[in-house]
Amino acid sequence: MSDNSLRLVWVYPDLLSTYGDQGNALVVERRARQRGLDVQRVDVRSDQPIPTSGDIYLIGGGEDRPQRLAAERLLRDGGLERAVSNGAIVFSVCAGYQILGKEFVNDQGQRQEGLGLLDVVTLRGEGERCVGDVLADIDPRLGLPQLTGFENHQGVTHLGPTAKPFARVTMGRGNGTGDGTEGAYNDTVFGTYMHGPVMARNPQIADLLLKLALDVNALPAIDDRWYEALRAERIAAATQPA
Ligand code: GLN
């Protein structure tokens, strides 16, 4: 980060932005401004180069074909990998998460190379699609309250030895392997299956990214009553008997 300005990059909104994932960019931007940061937000379409000077990169979910195109273009571009090697933070959702891994199965049933920023491999689940509400406890080292989200994916993601589970599900399927893990992270790169948008439901995730970007342990508190009301509503809706 240079002085008081934060460069926020929203990657490929034309291909990867299902289930309101753009809301993650709005929440990070808003919470950064509330802490007095000057935010420069750049939305990078898939026919444009990925800037390498960003502080935080956000990537959303997508349908199977746009996911294949996005992975091809990101790999050809190489900017995201360069940004991460410069210390940038990346937060990805669903198709974006799968693309950051080493490999996933694409819409043509073929194994496709990912960016290799996370030590995960995604296969096509043989069972039913993972769809529905998610409640998850985040890795205690990240120290955030219970997370709520919504998942919709066919991919099943296996973590390799250098990927840490982002969270553990108490409701929902998460990575879909049956081991209860949800998402993955390593240093400054994060992936989750949770839409929602996940940061509107769990603004503490946005703050986690901001703390990493600013290299601080705490941020000035802000009024989170609306977020907390939404969280309580989503938890009640997810857990009430049908
Ligand atoms: N196409 C991927 C899957 O089904 C990702 C879906 C999504 O991003 N919601 O696994």
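All values below come from the heavy atoms of this structure, side chains included, with hydrogens, waters and symmetry mates left out. Counting convention: from 1, in listed order, for ligands and their atoms alike.
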Which side-chain N or O atoms in residues 203-213 pair as donor and acceptor under 3.5 Å with protein atoms at least two apart or in another chain?
unit_1 : atom_1 : unit_2 : atom_2 : d
Q204   : OE1    : R231   : NH2    : 3.0
Q204   : NE2    : E228   : OE2    : 3.4
D207   : OD1    : R31    : NE     : 2.9
D207   : OD1    : R35    : NH1    : 3.0
D207   : OD2    : R31    : NH2    : 3.0
D207   : OD2    : R35    : NH2    : 3.0

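For A88, the side-chain contact (heavy atoms from CB on, under 4.5 Å) partners at least two apart in sequence or on another chain are Y57, A83. Residues passing the salt bridge (Lys or Arg N to Asp or Glu O under 4.0 Å) test with R41 are E29, D43, sequence neighbours excluded.
Remark: R168 does not engage D137 in a salt bridge, criterion side-chain N to carboxylate O under 4.0 Å.
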Could you tell me, for ligand 1, which of its N or O atoms are under 3.5 Å from any protein N or O, listing the pairs and their distances rounded to 0.1 Å?
unit_1   : atom_1 : unit_2 : atom_2 : d
ligand 1 : 1 (N)  : D64    : OD1    : 2.3
ligand 1 : 1 (N)  : Q67    : OE1    : 3.0
ligand 1 : 4 (O)  : R129   : NH2    : 3.3
ligand 1 : 4 (O)  : Q154   : N      : 2.9
ligand 1 : 8 (O)  : G62    : N      : 2.9
ligand 1 : 8 (O)  : G62    : O      : 3.1
ligand 1 : 8 (O)  : A95    : N      : 3.0
ligand 1 : 9 (N)  : N152   : O      : 3.0
ligand 1 : 9 (N)  : H195   : NE2    : 3.3
ligand 1 : 10 (O) : Q98    : NE2    : 2.9
ligand 1 : 10 (O) : Q154   : N      : 3.1
ligand 1 : 10 (O) : G155   : N      : 2.8

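In this structure, the side chains of E151 and M194 stay at 4.5 Å or more apart for every pair of heavy atoms. The closest side-chain heavy-atom distance from W10 to D21 is below 4.5 Å.
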